[in-house]
**Q** 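Please find one structure pasted underneath; my questions will follow.
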Amino acid sequence: QVQLVESGGGLVQAGGSLRLSCAASGRTFSNRPMGWFRQAPGKEREFVAAITWSADRTYYADSVKGRFAISRDNAKNTVYLQMNSLKPEDTAVYYCAARSERTVVVTIAHWDYWGQGTQVTVSS
């Protein structure tokens, strides 16, 4: 099994930055796509960002383009989400996810492994 553990969440003021980390253990599928999703109170979980196994392509939701950056260190079995210029509407629980196949999709149901989430709160 693949275990994903997020860290780096917390409270930050609007305009600030946070970097989330997702450490994988077990059978990591580090050569497979990784992604970040988030779920705000009262809303459905939504796609945030994804990165291919070779890190040659990245994908972002329109709401975070230009502000967030996803990266990965396969040697460390870790994926990161650098979040800059944070807004109150970015407040959510952020989840790390992994796929067992190489293709990148944004549909939640097609991601196979999930972390427990880390809370990000952006104050105004």
Side-chain angles (χ1 to χ4, degrees):
Q1 293 183 337
V2 174
Q3 303 289 332
L4 304 176
V5 180
E6 302 95 336
S7 63
L11 175 64
V12 64
Q13 294 187 27
S17 299
L18 286 173
R19 189 179 75 159
L20 305 183
S21 298
C22 174
S25 61
R27 189 172 182 178
T28 64
F29 291 97
S30 61
N31 60 338
R32 297 292 185 261
M34 300 286 292
W36 288 94
F37 297 76
R38 68 186 182 186
Q39 187 167 15
K43 295 186 177 181
E44 298 294 321
R45 190 171 301 185
E46 65 178 359
F47 169 79
V48 175
I51 187 168
T52 59
W53 71 273
S54 61
D56 61 331
R57 295 284 299 276
T58 57
Y59 305 84
Y60 298 95
D62 288 341
S63 60
V64 305
K65 285 181 179 178
R67 300 189 298 118
F68 291 9
I70 188 171
S71 61
R72 68 190 300 166
D73 185 337
N74 289 341
K76 296 181 178 180
N77 295 324
T78 301
V79 63
Y80 305 94
L81 184 67
Q82 178 67 46
M83 304 185 295
N84 299 322
S85 301
L86 283 163
K87 304 175 181 179
E89 51 262 43
D90 294 319
T91 295
V93 176
Y94 284 71
Y95 297 90
C96 175
R99 262 173 65 79
S100 59
E101 298 184 5
R102 292 190 176 188
T103 54
V104 170
V105 298
V106 299
T107 304
I108 293 173
H110 291 154
W111 291 80
D112 304 302
Y113 304 95
W114 294 86
Q116 295 298 307
T118 185
Q119 177 70 49
V120 172
T121 302
V122 183
S123 65
S124 59

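Position 1 is the first residue of the sequence; numbering continues from there.
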**Q** When V79 is tested against each of S71, S21, C96 for side-chain contact (heavy atoms from CB on, under 4.5 Å), which residue passes?
**A**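 The option that passes is C96.
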
**Q** Just how far is it from atom OG of S54 to atom CG of N74, taken to the nearest 0.5 Å?
**A**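 The CG atom of N74 is 9.0 Å from OG of S54, to the nearest 0.5 Å.
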
**Q** Please round to the nearest 0.5 Å and tell me the distance separating atom OG1 of T78 and atom CG of L4.
**A**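 Taking OG1 in T78 and CG in L4, the distance rounds to 10.5 Å.
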
**Q** Just verifying a value: how many Å separate R45 CZ and F37 CZ, rounded to the nearest 0.5 Å?
**A**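 Here the rounded value is 8.5 Å.
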
**Q** Any link between Y113 and L20 through a network of hydrophobic side chains (Ile, Leu, Val, Met, Phe, Trp, Tyr) touching at under 4.5 Å?
**A**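 Both belong to a single hydrophobic cluster.
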
**Q** Considering only heavy atoms from C-beta outward, does the side chain of E46 approach that of V106 to under 4.5 Å?
**A**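 No. Closest side-chain heavy atoms not under 4.5 Å.
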
**Q** If I take atom CG from residue L86 and atom CZ from residue R67, how far apart are they, to the nearest 0.5 angstrom?
**A**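 Separation between the atoms: 6.5 Å.
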
**Q** Looking at E101 and R32, is there a salt bridge between them, counting it only when a charged N and a carboxylate O are closer than 4.0 Å?
**A**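 A salt bridge is absent here (no side-chain N lies under 4.0 Å from a carboxylate O).
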
**Q** What about L18 and M34, same hydrophobic cluster or not, with Ile/Leu/Val/Met/Phe/Trp/Tyr joined at side-chain heavy-atom distances under 4.5 Å?
**A**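 In one cluster with L18: M34, yes.
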
**Q** Verify the ring-centre separation between W36 and F68: is it less than 6.0 angstrom?
**A**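 No, ring centres 6.0 Å or more apart.
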
**Q** Show the nearest heavy-atom pair for residues P88 and S124, with the distance to one decimal.
**A**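 The answer is CG-CB, 3.9 Å.
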
**Q** Membership question, hydrophobic clusters at under 4.5 Å side-chain separation (ILVMFWY): are V104 and F47 in the same one?
**A**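 Hydrophobic grouping puts F47 with V104.
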
**Q** Could you tell me whether the side chain of R72 and the main chain of T52 form a donor-acceptor pair under 3.5 Å?
**A**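 Present.
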
**Q** Once rounded to the nearest 0.5 Å, what's the spacing between atom OG1 of T118 and atom CG of L81?
**A**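 Reported value, rounded in 0.5 Å steps: 11.0 Å.
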
**Q** Of all heavy-atom pairs between K43 and Q39, which one has the smallest distance, and what is that distance?
**A**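 Closest pair (atom of K43, atom of Q39, distance): O-NE2, 3.2 Å.
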
**Q** Is any NZ, NE, NH1 or NH2 atom of the basic residue among D62 and K65 found under 4.0 Å from an Asp or Glu carboxylate oxygen of the other?
**A**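 Looking at K65 together with D62, the answer is yes, because their closest N to O distance falls below 4.0 Å.
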
**Q** Do R99 and T103 meet the criterion of a side-chain donor-acceptor pair at a distance under 3.5 Å?
**A**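 T103 and R99 do have a side-chain donor-acceptor pair below 3.5 Å.
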
**Q** Could you point out which residue of E6, M83, R38 forms a side-chain contact (heavy atoms from CB on, under 4.5 Å) with V120?
**A**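 Going through E6, M83, R38 one by one, the side-chain contact (heavy atoms from CB on, under 4.5 Å) with V120 is satisfied by M83 alone.
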
**Q** A side-chain contact here means heavy atoms from C-beta on lying under 4.5 Å apart; do L11 and S123 qualify?
**A**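 L11 vs S123: side chains touch.
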
**Q** Any chain of hydrophobic side-chain contacts (each under 4.5 Å) joining Y94 to I70?
**A**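 Yes, Y94 connects to I70 through the hydrophobic network.
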
**Q** Looking at T91, is its backbone amide N or carbonyl O close enough to the side chain of T121 to form a donor-acceptor pair, meaning the two atoms are under 3.5 Å apart?
**A**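 Such a contact is absent between T121 side chain and T91 backbone.
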
**Q** Taking atom CD as the centre, does Q116 end up with more than 12 heavy-atom neighbours from other residues, nucleotides or ligands that are less than 6.0 angstrom away?
**A**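 Not buried by this count: 12 neighbours or fewer within 6.0 Å.
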
**Q** Classify the ring geometry of Y95 against W114: parallel below 30°, tilted from 30° to 60°, perpendicular beyond 60°.
**A**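 If you compare the ring of Y95 with that of W114, the planes turn out perpendicular.
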
**Q** Is there a path of hydrophobic side-chain contacts, each under 4.5 Å between heavy atoms, that joins V93 and I108?
**A**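 In one cluster: yes.
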
**Q** Counting C-beta onward and ignoring hydrogens, is there a side-chain heavy-atom pair between V105 and W111 closer than 4.5 Å?
**A**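 Yes. Closest side-chain heavy atoms under 4.5 Å.
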
